[in-house]
Amino acid sequence: MAIKLYNTLTRKKEELETIEPGKVRMYVCGPTVYSKAHVGHAMSAMVFDIIRRYLEYRGYDVRYLMNFTDVDDKIIMRANQNGQDPFELAEMYIHDYEQDLSNLNIKPATFNPRATQEMGQILEMISGLIEKGFAYAVDGDVYFRVTKDDDYGKLSGRKLEDMQAGSRINIDERKEHPMDFALWKSSKPGEPEWESPWGKGRPGWHIECSAMNLHHNGEQIDIHGGGNDLIFPHHENEIAQTESLTGKTFARYWVHNGMLQLGGEKMSKSTGNLITIEEFLSKYSANALRFTVLNSGYRSPLTFTDEVLGQSEKALERLQSALRPALPGAKGATEDALKILNDQETATKENFVASMDDDFNSAGALGGLFDLVRVINQTRTFSATDSELQGAQETLRELCNVLGLSITEVNQSGSNADSFIDLLVELRTKLRQEKQWSFGDLIRDRLKDLGVTLEDSKEGSSWRWS
RNA sequence: GGCGACGUCGCCAAGUUGGCAAGGCAAGGGUCUGCAAAACCCUCAUCACGAGUUCGAGUCUCGUCGUCGCCUCCA
């Protein structure tokens, strides 16, 4: 069975065939670091984290690159407003972003290239494009010549003629064609600048990604990812630059996540329609966001509301419920019950791989996980012992882990409060035996306030942190 | 105006080779319990609308309405 993934370039699902067997070269567009990251960034990072984790689970050696755009107009503008050095500002937000990702349980990239650290490669690329006639310099700026690129528009499905009509682009008379885009921009006084054959300046937005890939991944990569708002012009232009220079297919598979919707509209930095990751995490768990992302298709818009996040927190509790230890005094389940559990474990594993292989259908995979949750809980109800439950629980935990959901043990925590809680539970059991209900209930209520949930059964009481 | 995506139960949402509509949350009923919580059991949709293709369509085609994205910086 092969993994299938949707390729924006062909608008079809295709089987994953990597350039090098067993290895995946992957590049994901990271943020421009001029302000705190929001939940939309988190969603995108999470989507590709999930894809990356799954590819690794399927045995691929994944080389995962995510860049930081650390020089650009907005960074400069923001730094000027703050009276701050633009590089310092970028550095600060890079640090913030890395912290955010870590808080969200997103695995660090293999490497994080930065635009400012790729100047040599960028200049080399631009020179190469000029030599081949794909670019031209005007007054210290360098533009890419879109009319020279036969298949320009192939990723976004646009034609040059269509884009001119009704476009909102200011026509720059110095450009040969309105859609020509900047590879190099001359600097104004006081702006960050680098020496170049065309005068002092800085790179255009798109060239950095091409250069970083060329430098760190080679001329061809397997998967190029990012939000679907990057399809045009960013990714289109990356293709144009890279393929014009190398004459080879740049990325085999273009993978794009849908936009996170806040209040029915795209969460966006420029419009201010956003919730920062920091704000989000003060209210919800990282798992809640991950569950919400997993529970819908990565290519579709994601409904982000308090109601949905609340539902996700609840669903996670259910997932956790399957990891509880056996009932006190469990005597062992019947052969039949254990067979059903075993069968479901197998079925869930199969469903998991089949779903995820199908364009990372994580919602389908979750469905199977909940089927296993139900059967585990059933089996526990049928008096299964810890060792009888262990295998299925292990499977559940492992598959959750592949998705990046860290489902932890919900039984005794190993903290030094344990023995005192045990003591209180024991005391309450005595009180209940003497039918001192109000005292028993008081202990239960007070422990609840302290975050300890009691669960009574015929055989005795158990407790867990809630 | 151009290009594209989508519209499935109260909410979120899976479902691409067309063949009896996953899962989660919420809700109702029940088992267990001194009461409760948790868990378990049962109930809960014909897929925006209209037409067409087909033995058969949520799944294909056309049209209508609606939502969203891109065309400018954007995950």
Side-chain angles (χ1 to χ4, degrees), chain A residues 4 6 8 11-13 28-32 34 37-48 66 69 72-74 153 156-159 161-170 179 205 225-234 256-261 264-271 291-292 295-297 299-305 307-319 321-322 324 327 351 355 358-359 361-371 373-374 377-382 432 435 437-438 440-441 444-445 448 453-458 462 464 466:
Chain A
K4 285 195 289 182
Y6 183 86
T8 306
R11 299 182 189 279
K12 283 188 305 213
K13 283 185 196 170
V28 177
C29 284
T32 301
Y34 68 91
H38 59 65
V39 189
H41 297 111
M43 174 206 179
S44 185
M46 230 168 222
V47 162
F48 291 102
M66 190 203 71
T69 298
D72 112 313
D73 294 347
K74 290 199 171 155
S156 54
R158 291 153 206 255
K159 297 183 184 121
E161 309 87 71
D162 295 342
M163 285 189 280
Q164 290 177 76
S167 92
R168 285 174 277 164
I169 302 162
N170 299 327
M179 296 310 294
W205 175 37
N228 69 13
D229 54 349
L230 296 180
I231 295 172
F232 190 90
H234 187 51
H256 294 99
N257 64 276
M259 294 294 103
L260 187 140
Q261 303 290 120
E265 279 178 13
K266 175 185 168 188
M267 184 172 284
S268 164
K269 245 197 289 203
S270 50
T271 60
F291 186 91
T292 306
N295 194 36
S296 81
R299 287 190 281 130
S300 307
L302 185 72
T303 308
F304 183 94
T305 61
E307 188 181 10
V308 167
L309 269 298
Q311 289 173 356
S312 292
E313 297 276 23
K314 287 287 193 181
L316 285 163
E317 282 178 28
R318 176 163 174 77
L319 219 40
S321 75
R324 291 176 305 171
L327 294 175
N351 170 268
S355 295
D358 183 13
D359 196 31
N361 180 359
S362 50
L366 279 184
L369 256 36
F370 281 104
D371 289 337
V373 166
R374 186 181 346 98
N377 285 335
Q378 272 169 2
T379 314
R380 177 193 295 102
T381 305
F382 296 152
R432 290 179 69 222
K435 299 201 190 302
W437 307 123
S438 61
D441 291 350
R444 181 174 68 198
D445 294 344
K448 182 76 181 171
T453 302
L454 291 189
E455 290 181 3
D456 297 335
S457 75
K458 268 184 207 146
S462 58
R464 62 187 166 88
S466 47

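Every chain is numbered from 1 and lettered A, B, ... according to where its sequence line falls, protein lines coming before strand lines.
Using a cut-off of 4.0 Å between Lys/Arg side-chain N and Asp/Glu carboxylate O, A:D445 and A:K448 are scored as not salt-bridged.
The side chain of A:V308 lies closest to B:C12, out of B:C12, B:A75, B:C71. With B:A13, B:G24, B:C70 as the candidates, the nucleotide lying closest to the side chain of A:D229 is B:C70. Of the candidate nucleotides B:G24, B:U33, B:A13, B:U33 has the atom lying nearest to any side-chain atom of A:K458.
Straight-line distance between the C1' atoms of B:C47 and B:U33: roughly 42 Å, to the nearest whole Å. Rounded to whole Å, the C1' atom of B:C71 lies 30 Å from the corresponding atom of B:A13.
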Starting at the 5' end of nucleotides 35-40 of chain B, put B wherever the base has a protein heavy atom under 4.0 Å, S where only the sugar-phosphate does, and a dash everywhere else. BBBSSS
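When both distances must be under 3.5 Å, the Watson-Crick or G-U wobble mate of B:C32 does not exist.
Aromatic stacking of A:W437 on B:G34: satisfied, with centres closer than 5.5 Å and planes within an angle under 30 degrees.
A:N377 and A:R374 share no donor-acceptor pair across their side chains, judged by distance under 3.5 Å alone.
The shortest distance between the side-chain N/O atoms of A:K266 and the OP1/OP2 oxygens of B:A75 is not below 4.0 Å. Side-chain N/O atoms of A:T303 include one lying less than 4.0 angstrom from OP1 or OP2 on B:A13.
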